Amino acid sequence: MADPKGFMTTPRQDWPRRPVEERVRDWDEVYVPGALLPIISKQADRCMDCGIPFCHEACPLGNLIPEWNDLVSREDWRAAADRLHATNNFPEFTGRLCPAPCEAGCVLAINQPAVTIKNVECAIADRAWAEGFAPPRPPDRLSGRTVAVIGSGPTGLAAAQQLTRAGHTVAVYEKDDRIGGLMRYGIPEFKMEKHHLERRIEQMRAEGTKFRTSTAVGRDIGAAELRSRYDAVVIATGATAWRELTVPGRELSGIRQAMEYLPLANRVREGDLERSPMSAAGKHVVIVGGGDTGADCLGTAVRDGAASVTQLDIYAMPGAERDEDAEPWPTYPKIYRLSAAHEEARELETAPAADADARLFAASTLRFTGDADGHVRSLHLVEVDAGRRPLPGTGRTLPADLVLLALGFSGPDRTDGLIDQLGLEMEPRGTITRDAGFATNVPGVFAAGDAARGQSLIVWAIAEGRAVAAAVDRHLTGSSRLPAPISPYDRPMTV
């Protein structure tokens with residue numbers, strides 16, 4: 001503990017964002033470049049080195065947060081990078097994309113603003129790359145065993161890196177033309193620039209991991225054939241089966257899924273397209289769904305130049321403070337949070353009728369109406385109570401030329417045939433069934449990440465990848481020294 005009074009003398013200071021008017025004109029990350037390092041050591045000083053660090057419990061990776069906070073406060077960046085990478089393969093991803101349940105579990109957060117754990121993590125990761133503290137770590141020898149990992153999101157990449165470093169020969173199969181899964185085509189550039197992803201992929205290649213892109217297992221290669229080629233298979237395809245909105249008028253053109261819209265915007269940034277065929281430029285946009293995917297659509301539509309953007313959230317507007325009865329510390333509370341996209345929408349007044357920033361809370365879609373050509377022009381909504389029951393006399397209509405559905409995902413997509421060809425057992429909720437060792441009903445086939453857990457956070461995805469790697473290593477060799485931070489049945493802390 002570098003400064004025993006740091007939490008009393010130093011106020012919380014977050015990584016500053018660039019001015020809204022500046023950042024909405026480009027697709028660069030929203031934060032001021034270089035502005036984190038001058039403040040981060042003092043912010044790390046705020047860590048209390050408490051006797052029982054509940055931040056460990058709140059993070060499924062088991063990140064050694066007090067240890068690397070202390071090292072950063074002393075500016076021992078190499079040691080901090082070693083401690084950070086001991087539990088997390090991709091801290092530059094989580095430092096940008098994770099909603100930081102660790103901060104909700106920070107002991108300081110009982111009665112003060114939490115330590116900026118996420119910012120400290122990001123600073124260590126970026127400094128590690130700048131100083132050469134994250135070199136490739138190829139295995140000393142090969143085991144002679146082979147593993148296929150299907151899916152290249154955070155779960156698949158974490159599993160592949162762990163298994164490669166353990167000495168197994170690993171090939172990652174990805175149906176898209178580039179590696180990264182939703183980090184590549186779902187996460188907008190302004191949240192995480194893709195050079196962070198490219199850097200890790202090159203590290204993994206140098207370690208020996210093989211990548212097979214544009215290969216949908218079950219369609220481009222038979223699932224049984226793939227299984228016969230490898231000693232083990234890890235299914236980490238994610239939960240990409242999107243939920244639908246079954247209301248009158250859904251068949252109108254101009255009503256699209258969020259994960260149809262976001263990949264096209266990312267492909268423009270990759271140089272594949274000059275302009276997205278689903279661009280929001282000049283359109284009245286309504287986003288149905290109040291989660292992170294909806295916020296990503298919001299920030300993207302603002303940068304597209306939409307005439308207006310409104311986001312509908314079926315839940316009531318949360319308060320600014322934790323409800324200690326319903327969500328006591330150290331659980332992750334549902335409070336009013338202002339993401340970068342919502343901050344932009346508020347300052348630019350993209351939705352004049354909204355309750356706050358661009359959001360309409362406690363709002364449920366009733367139906368869509370369109371023009372003579374069958375294109376959506378209006379969304380009709382009603383306010384609802386806590387039980388999602390319509391409140392009489394609260395109906396209203398929003399102009400809508402483009403509607404984006406961001407209602408979450410129910411499980412893995414089955415259209416490629418992978419699940420049916422292998423004969424995998426499924427849970428009633430649409431996810432892959434597995435046992436306590438991540439194994440499916442098919443010998444040698446394991447399932448991890450959102451495909452088996454259901455839609456979750458990036459930290460849980462990486463933790464699943466690390467844990468399934470240990471299970472596969474044990475299956476192949478009889479034992480494993482790889483860390484297994486979670487079991488398939490672990491869940492976030494709740495009351």
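FYI, the numbering just counts along the sequence from 1. All values derive from a computational prediction rather than experimental measurement.
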Quick one: pull up [atom1] in [X] and [atom2] in [Y] and give me the separation to the nearest 0.5 Å.
X      : Y      : atom1 : atom2 : answer
Arg184 : Met192 : CZ    : CE    : 8.5 Å
Glu57  : Cys102 : CD    : SG    : 13.0 Å
Glu121 : Leu61  : CD    : CG    : 8.0 Å
Arg199 : Met204 : CZ    : CE    : 15.0 Å
Ile458 : Phe90  : CD1   : CZ    : 9.0 Å
Glu29  : Lys191 : CD    : NZ    : 11.0 Å

Quick one: do [X] and [Y] make a salt bridge, cutoff under 4.0 Å?
X      : Y      : answer
Arg18  : Asp26  : yes
Asp272 : Arg178 : yes
Glu193 : Arg96  : no
Glu344 : Arg23  : yes

Would you find a donor on one side and an acceptor on the other, under 3.5 Å apart, between the side chain of [X] and the backbone of [Y]?
X      : Y      : value
Arg388 : Ser364 : no
Asp323 : Asp325 : yes
Arg322 : Glu327 : yes
Arg243 : Phe409 : yes
Asn266 : Tyr185 : yes
Asp385 : Gly387 : yes

Residue pair [X] / [Y], side-chain heavy-atom distance below 4.5 Å:
X      : Y      : answer
Thr237 : Lys175 : no
Arg453 : Thr155 : no
Asp177 : Thr213 : no
Leu348 : Val20  : yes
Arg250 : Leu405 : yes
Val107 : Phe7   : no
Leu108 : Arg12  : no

Worksheet entry | For Tyr261, the option from Thr300, Asp304, Thr293 that meets side-chain hydrogen bond (donor to acceptor under 3.5 Å, both in side chains) |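 Exactly one pass, corresponding to Asp304.
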
Discussion item. Pairing donors with acceptors under 3.5 angstrom, does anything connect the side chains of Asn63 and Thr87?
Written reply: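 Result is yes, a qualifying pair exists.
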
Worksheet item: So, Thr433 versus Glu427: side-chain donor-acceptor pair below 3.5 Å or not?
Response: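 A donor-acceptor contact under 3.5 Å links the two side chains.
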
Using a 6.0 Å cut-off, check whether atom [atom1] of [X] has over 12 heavy atoms from anything other than its own residue.
X      : atom1 : answer
Lys42  : NZ    : no
Glu251 : CD    : yes
Tyr336 : OH    : yes
Asp292 : CG    : no

Practice prompt. Identify whether NZ of Lys or CZ of Arg in Arg303 sits under 6.0 Å from the centre of the six-membered ring of Phe190 and within 45° of that ring's axis.
Written response: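 Yes; both conditions hold, so Arg303 lies above the ring face of Phe190.
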
Worksheet item: Are Arg337 and Tyr332 in a cation-pi contact, defined as NZ or CZ under 6.0 Å from the six-membered ring centre and within 45° of the axis?
Response: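 Output yes; distance and angle both within limits.
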
Discussion item. The criterion is ring pair (Phe, Tyr, Trp, His ring centres under 6.0 Å); which residues satisfy it with Phe438, sequence neighbours excluded?
Written reply: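 In terms of ring pair (Phe, Tyr, Trp, His ring centres under 6.0 Å), with neighbours along the sequence ignored, Phe438 is linked to no residue.
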
